[in-house]
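Take a look at the structure set out below.
Below, chains carry the letters A, B, ... as their sequence lines are ordered, and counting in each starts from 1. Everything quoted here is computed from the prediction, not taken from an experiment.
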Protein chains: 2
Amino acid sequence: MARTGGRGGPTMKDVAREAGVSQAAVSLVLNDAAGSRVSSETRQRVLEAVDRLGYRVNSAAKSLREGQSRLIGFVGDTVASEPFAGDLVEGAQDQAWVDGHLMLIINTGGDPLIEERAIDSLLSRQVDGIVYASMYNRRLKIPPLLREVPTVVVNGTAEDGSLPSVAPDEYTGGLEATRHLVEHGHERVAFINIAPPESMLPAVVERERGFVDALTEAGLRVDRTLVKYGDGDAVAGHRLATRLLKRKRRPSAIFCGNDRTAWGAYLAAGELGLKVGTDVSVIGFDNMPVIAPHLRPGLTSMELPFAEMGRRGVARLLSGDTDPTVELLHCPLVTRGSVSRPAGPASGTAS
Amino acid sequence: MARTGGRGGPTMKDVAREAGVSQAAVSLVLNDAAGSRVSSETRQRVLEAVDRLGYRVNSAAKSLREGQSRLIGFVGDTVASEPFAGDLVEGAQDQAWVDGHLMLIINTGGDPLIEERAIDSLLSRQVDGIVYASMYNRRLKIPPLLREVPTVVVNGTAEDGSLPSVAPDEYTGGLEATRHLVEHGHERVAFINIAPPESMLPAVVERERGFVDALTEAGLRVDRTLVKYGDGDAVAGHRLATRLLKRKRRPSAIFCGNDRTAWGAYLAAGELGLKVGTDVSVIGFDNMPVIAPHLRPGLTSMELPFAEMGRRGVARLLSGDTDPTVELLHCPLVTRGSVSRPAGPASGTAS
DNA sequence: GCACCGCAGTTAAACGTATAACTCAGCAGG
DNA sequence: CCTGCTGAGTTATACGTTTAACTGCGGTGC
């Protein structure tokens with residue numbers, strides 16, 4: 001109605017005219033300037049005019065003037081491929097929202113060229129910072145452009161250790177998963193890892209280190225023949241678990257490097273007439289919502305703190321925390337029914 | 001180096017000075033203005049200067065001047081809760097990128113208050129349009145603020161039919177899933193839907209309509225006792241499939257309203273000594289990547305076109321297609337090993 | 001010889017905001 | 001009475017672009 005130009009809603013000028021003050025006064029009111037520079041009476045008039053006209057600040061103008069955008073960028077190699085990736089995005093966005101920022105998301109598919117162009121567009125949007133996210137925890141080569149803006153690496157670490165990062169504490173995860181089994185009285189514990197250690201992935205190397213340490217601290221011998229390497233798939237889990245469970249002195253518990261592998265172990269156990277949670281204990285990793293709660297019995301699993309990583313990454317970014325330290329986030333244990341005391345003569349007091 | 005102010009990189013003014021031309025000339029070069037207004041020699045000098053200084057356009061200034069931001073908003077009730085939700089986001093973002101836009105993402109958790117504030121921030125960012133996404137296909141009440149900007153509803157429809165929308169073609173999905181079974185020779189086909197029809201969800205009502213029509217067009221009687229309603233969970237699938245498969249004239253095939261239900265049916269079949277894909281055929285819906293390929297045999301399932309919905313939604317938005325029509329996207333059939341010809345005397349030519 | 005045109009730019013204004021610098025009235029202190 | 005100060009605004013400028021309007025100038029057409 002009482003609008004000057006054509007496109008876009010009313011501006012401060014319109015509000016000013018409506019309230020009978022200067023445009024600057026409107027700005028002062030709306031930004032609650034240091035000290036009460038305007039009388040509460042004028043303030044009232046301005047706010048009424050704002051309401052009446054449905055005025056909304058133009059953030060392009062504001063950003064231009066202020067030199068910052070209250071925008072952050074989220075650059076990921078894949079937003080969707082992994083089913084839990086959404087949590088990372090959601091956690092990051094939630095935190096950004098809480099801190100008064102909006103989040104621009106770009107997924108690059110891992111293509112370095114797209115990645116460079118993505119960061120470039122973010123920079124030209126004057127983002128206040130960038131979350132550089134990997135969909136699985138690994139050491140990342142950092143695109144040079146990222147040096148131009150505050151950046152936090154999430155679910156990964158900078159190859160050269162030059163950027164702050166937030167990653168899951170795989171070691172402690174492996175440690176506590178194994179401890180959980182040991183505390184239930186298991187002494188022959190197998191481990192089906194998700195890839196061979198040569199892969200150098202933290203998820204592989206660190207969880208295994210945790211596994212070994214947990215057994216060692218409990219005074220148990222680490223039987224190398226009980227450690228297997230699959231590819232993280234249910235098929236591999238099935239195959240390797242079968243092999244383990246067919247041994248004459250079979251393990252009483254299996255730590256699986258992820259939930260899909262654990263699922264395979266369930267199938268193997270079933271085929272061999274063994275009940276998971278009774279005849280053999282199983283613990284997983286990832287706590288995938290579409291798998292772990294649906295298995296019978298429910299799968300006890302270590303949860304990867306994706307949402308929390310997203311939140312912490314953004315929180316560090318916006319707090320200006322630029323120390324290139326690696327923040328490791330705890331992987332909580334989610335217990336369901338798949339772990340119990342070992343059955344048979346091996347356990348506790350003689351029956 | 002050759003920079004005027006402090007914050008933020010070099011501006012056009014800096015480039016102009018470096019190249020010995022006016023700032024306007026730089027703009028003309030960089031925007032490849034209609035017709036070659038500048039000599040290729042000057043253009044060269046400018047581009048070199050741009051390179052040398054590492055100039056990058058300030059999009060805040062550009063947006064302010066142009067009145068549009070090349071930004072779109074993505075408002076969803078939950079980005080992560082459903083494992084496939086990421087595909088929706090990814091598809092939308094990919095398409096936005098292709099069309100030269102960046103995407104602001106906000107998840108509201110379904111809270112109408114947050115939703116309103118979210119849309120408000122997007123509007124103040126001058127977004128060129130908004131994708132309003134639901135995480136499951138349903139009829140949505142449209143927040144009034146969305147009327148102020150081009151909007152496309154994705155994975156849902158506007159309650160009052162007032163907005164363009166993109167949704168999965170549930171009916172055809174149900175139709176083709178059932179046809180697939182019928183074409184394999186099944187005549188007694190059961191259906192475990194994911195909720196009772198009273199729920200009014202398109203996924204429930206339309207798939208069932210497709211189921212009925214497919215049987216009818218094949219001249220088969222629809223046996224109402226073979227239609228069951230669960231809650232979409234594996235437990236319900238297990239329970240209902242058990243009941244179905246225990247009947248004396250058991251169905252030779254089960255159409256499951258989603259993959260988790262189908263998983264339950266697998267378990268039920270296993271317990272009853274029936275092999276899926278041999279003794280009983282099963283088809284699912286959703287084609288969940290963490291389930292369908294991992295079941296033994298792999299689960300044949302109808303795929304929900306999430307990524308495609310995201311893409312089409314954005315494409316419509318940016319093409320200025322504002323007809324409030326509902327675009328239904330096909331759900332492709334993904335065949336694995338869970339459907340075959342019915343076993344036993346009931347099938348084909350007498351043994 | 002002169003009006004006219006296209007080329008290759010330049011100058012200047014605008015987009016909507018935040019804020020430094022200013023104005024102006026009223027009042028206190030000396 | 002004059003100075004200085006405070007409160008409540010106003011004026012004017014800058015942020016970095018885009019673009020309409022303008023300027024010179026060398027070449028054409030007649």
Side-chain angles (χ1 to χ4, degrees), chain A residues 2-47 49-50 53-70 123-126, chain B residues 3-47 49-50 53-71 123-126:
Chain A
R3 166 73 180 122
T4 43
R7 280 279 71 87
T11 74
M12 279 194 178
K13 215 187 292 184
D14 301 310
V15 174
R17 185 173 333 105
E18 176 86 6
V21 297
S22 72
Q23 173 265 322
V26 177
S27 175
L28 291 178
V29 168
L30 261 34
N31 294 304
D32 241 352
S36 63
R37 286 268 310 271
V38 300
S39 68
S40 60
E41 187 201 356
T42 317
R43 162 182 310 273
Q44 201 55 39
R45 278 221 313 290
V46 168
L47 292 178
V50 162
L53 299 185
Y55 167 79
R56 197 154 24 227
V57 67
N58 177 326
S59 350
K62 187 167 187 149
S63 298
L64 174 58
R65 178 60 223 246
E66 295 187 326
Q68 57 146 336
S69 59
R70 314 218 117 226
L123 289 175
S124 85
R125 299 282 177 177
Q126 316 288 111
Chain B
R3 166 72 181 122
T4 43
R7 280 280 71 88
T11 74
M12 279 194 177
K13 213 187 292 184
D14 302 309
V15 174
R17 186 174 331 107
E18 176 85 6
V21 297
S22 74
Q23 175 265 326
V26 177
S27 175
L28 292 180
V29 168
L30 261 35
N31 294 305
D32 240 352
S36 60
R37 288 267 308 271
V38 300
S39 68
S40 60
E41 187 200 356
T42 316
R43 161 182 312 271
Q44 201 55 38
R45 278 219 314 290
V46 168
L47 292 177
V50 162
L53 299 184
Y55 167 79
R56 196 154 23 226
V57 68
N58 177 327
S59 351
K62 187 168 186 147
S63 298
L64 174 58
R65 178 61 225 245
E66 295 187 328
Q68 56 146 333
S69 58
R70 313 218 120 226
L71 240 38
L123 288 175
S124 86
R125 299 282 177 177
Q126 317 288 112

Can you check the B:Glu66 CD to C:dG16 P distance for me, whole Å?
-> 14 Å
Looking at A:Asn31, does any N or O in its side chain come under 4.0 Å of the phosphate oxygens OP1/OP2 on C:dA18?
-> yes
Which whole-number value in Å describes the distance from B:Arg17 CZ to D:dG16 P?
-> 12 Å
Interatomic spacing from CG in B:Leu28 to CE in B:Met12 - rounded to 0.5 Å = 9.0 Å
Side-chain atoms of residues 59-68 of chain A: list all donor-acceptor pairs with protein atoms under 3.5 Å, sequence neighbours left out, distances to 0.1 Å.
from	atom 1	to	atom 2	distance (Å)
A:Ser59	OG	B:Ser124	O	2.5
A:Ser59	OG	B:Ser124	OG	3.2
A:Ser63	OG	A:Ser59	O	2.8

Specify the separation, in whole Å, of atom CE of A:Met12 and atom P of D:dT13.
-> 20 Å
Report the end-to-end axis angle of the helix from C:dG1-D:dC30 to C:dG30-D:dC1; each axis comes from five terminal pairs, and the value is rounded to 10°.
-> 60°
In whole angstroms, the gap separating C1' of C:dG16 from OH of A:Tyr55 amounts to 7 Å
Below 4.0 angstrom from OP1 or OP2 of D:dG16, is there any side-chain N or O of B:Lys13?
-> no
Kindly write out the residues that satisfy side-chain hydrogen bond (donor to acceptor under 3.5 Å, both in side chains) with A:Thr42, not counting sequence neighbours, or none if the list is empty.
-> A:Ser39
Take B:Leu30 and B:Val57 through the side-chain contact (heavy atoms from CB on, under 4.5 Å) test and state the conclusion after the steps.
-> CA-CA 9 Å; B:Leu30 261 35; B:Val57 68; over 6 Å; no
I'd like a table of atom pairs between the protein and nucleotides 9-13 of chain C - only N or O on both sides, under 3.5 Å - with the distance next to each one.
from	atom 1	to	atom 2	distance (Å)
C:dG9	OP1	B:Thr42	OG1	2.6
C:dG9	OP2	B:Ser39	N	2.5
C:dG9	OP2	B:Ser39	OG	2.5
C:dG9	OP2	B:Thr42	OG1	2.8
C:dG9	N7	B:Arg37	NH2	3.1
C:dG9	O6	B:Arg37	NH2	2.7
C:dT10	OP1	B:Ser22	N	3.4
C:dT10	OP2	B:Ser22	N	2.9
C:dT10	OP2	B:Ser22	OG	2.5
C:dT10	O4	B:Arg37	NH2	3.4

Nearest 0.5 Å, what's the CD-CZ distance between A:Gln23 and A:Arg17?
-> 12.0 Å
Round to a whole Å and report the spacing from CG of A:Leu53 to P of C:dG16.
-> 14 Å
Go through the structure and list residues passing salt bridge (charged side-chain N to carboxylate O under 4.0 Å, His left out) with B:Arg56, not counting sequence neighbours.
-> A:Asp120, A:Glu148
In whole angstroms, the gap separating C1' of D:dC15 from CG of A:Asn58 amounts to 13 Å
Side-chain contact check for B:Ser27: nearest option of C:dG16, C:dA18, D:dT19 is D:dT19
Length of the CG-C1' vector between A:Leu64 and D:dT17, whole Å = 8 Å
Closest non-hydrogen contact found for A:Val15 with A:Tyr55 is CG2-CB, 3.6 Å
